[in-house]
Every structure is written in structure tokens, then in C-alpha cells.
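Reviewing the structure listed below.
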Amino acid sequence: MTMTFKEKVLKIVSRIPEGKVLTYKQVAEKAGSPNAARAVGSFMKANYDRNIPCHRVIRSDGAIGHYNRGGRNAKIALLKKEGAIE
DNA sequence: TAGTTGACCGGAA
DNA sequence: ATTCCGGCCAACT
């Protein structure tokens, strides 16, 4: 079974528990390509699956990044609500 | 097959 | 604290 990098990424993200966050880079590392953070972002923007908590993925510098469902604002609100951030 | 595209990263100015 | 720039990666066309 040829699992694309993209699918690995989606699987990893889908397993991020509530109240926790991973950086794009960490996701890339877990997926087996430590320097593919950029690619990870590209896939997330293309993913609209609600089962995947893509709002739990943020940037390494602590910035929130983007969110295709509600925008950064919604992303921040969600993370606060889940207790992942202040 | 090669060129384009970005929800990124880290260092420099 | 910001803004800019080059590098990196896999999918898409």
C-alpha cells in the first residue's frame, strides 16, 4: 500500500488530542520528512475533512497560521476553548 | 519530465 | 518587535 506523504500527515493530524497542538514542522517530522513543513501546510489548505482537527497545527514561531474554516480568529477561539493556548 | 505553488522555517537586517 | 530572503518538500498541472 502506497501511502502518500499527504495521507500520513492527515492521519497524524487526525490523532492530535484536544488541548494539544503540533507545529507544521513537528507534523512533517512525524510523517518522515523533517523539512517538509511547507508541504504540510499546502496539504492542510487542500483538506476540508471535518474529522481532521487541522486547527491544532500551528507555526513553530508560535504564530497561529491560517485556517480554511472560519479564519485565524476561529482557530484561536477553538484552541483557547480546548485549553491548548492561553 | 519539468515547472509552479504554498495554512512553513530560520536566520539576517 | 517586525520585515525580508533563500531554502526545502511533496502534490499538482
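Below, chains carry the letters A, B, ... as their sequence lines are ordered, and counting in each starts from 1.
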Protein-nucleic acid N or O pairs under 3.5 Å, nucleotides 1-5 of chain C:
none

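- Of all heavy-atom pairs between V9(A) and A31(A), the closest is CG2-CB, 3.9 Å.
- Taking atom CE on M44(A) and atom C1' on dC9(C), their separation rounds to 15 Å, with Å as the unit.
- At least one donor-acceptor pair under 3.5 Å links the side chain of S42(A) to the backbone N or O of R38(A).
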For this session: List the steps, then state whether side-chain contact (heavy atoms from CB on, under 4.5 Å) holds for V13(A) with V57(A).
Result: CA-CA 8 Å; V13(A) 173; V57(A) 185; 4.0 Å; yes

Pick out the pairs of N or O atoms, protein on one side and nucleotides 10-13 of chain C on the other, that lie under 3.5 Å.
from    : atom 1 : to     : atom 2 : distance (Å)
dA10(C) : OP1    : S33(A) : OG     : 3.3
dA11(C) : OP1    : F5(A)  : N      : 3.2

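- Counting atom types as modelled, R38(A) pairs a side-chain N or O with a base atom of dC8(C) as donor and acceptor under 3.5 Å.
- Closest of all the heavy-atom pairs between Y24(A) and M44(A) is CE2-CG, 4.4 Å.
- The shortest heavy-atom contact between A36(A) and A28(A) is C-CB, 3.7 Å.
- Only at 4.0 angstrom or more do the heavy atoms of residues 13-26 of chain A sit from any atom of DNA chain C, so none qualifies.
- Cluster partners of Y67(A) are L78(A), counting Ile, Leu, Val, Met, Phe, Trp and Tyr whose side-chain heavy atoms approach within less than 4.5 Å, directly or via other members.
- A distance-only check finds a donor-acceptor pair linking the side chain of T23(A) to the backbone of Q26(A) [under 3.5 Å].
- Looking at every heavy atom in both residues, I85(A) comes nearest to I76(A) through CD1-O, 3.9 Å.
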For this session: Could you please spell out the steps behind the side-chain contact (heavy atoms from CB on, under 4.5 Å) verdict for R59(A) and K25(A)?
Result: CA-CA 8 Å; R59(A) 303 192 3 171; K25(A) 186 167 194 183; over 6 Å; no

For this session: Could you walk me through whether L79(A) and V21(A) pass side-chain contact (heavy atoms from CB on, under 4.5 Å), step by step?
Result: CA-CA 8 Å; L79(A) 292 176; V21(A) 296; 3.7 Å; yes

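- Contacts between residues 47-86 of chain A and DNA chain C, defined by a heavy-atom separation below 4.0 Å, involve no residue at all.
- Nearest heavy-atom pair across N68(A) and N47(A) is ND2-O, 3.0 Å.
- The number of heavy-atom neighbours closer than 6.0 Å to NZ of K8(A), taken from other residues, nucleotides and ligands shown, is above 12.
- Rounded to whole Å, the distance from CD on E29(A) to P on dC9(C) is 13 Å.
- Sorted by first and then second residue, the salt bridge (Lys or Arg N to Asp or Glu O under 4.0 Å) pairs with a member in residues 68-86 of chain A read R56(A)-E82(A); sequence neighbours excluded.
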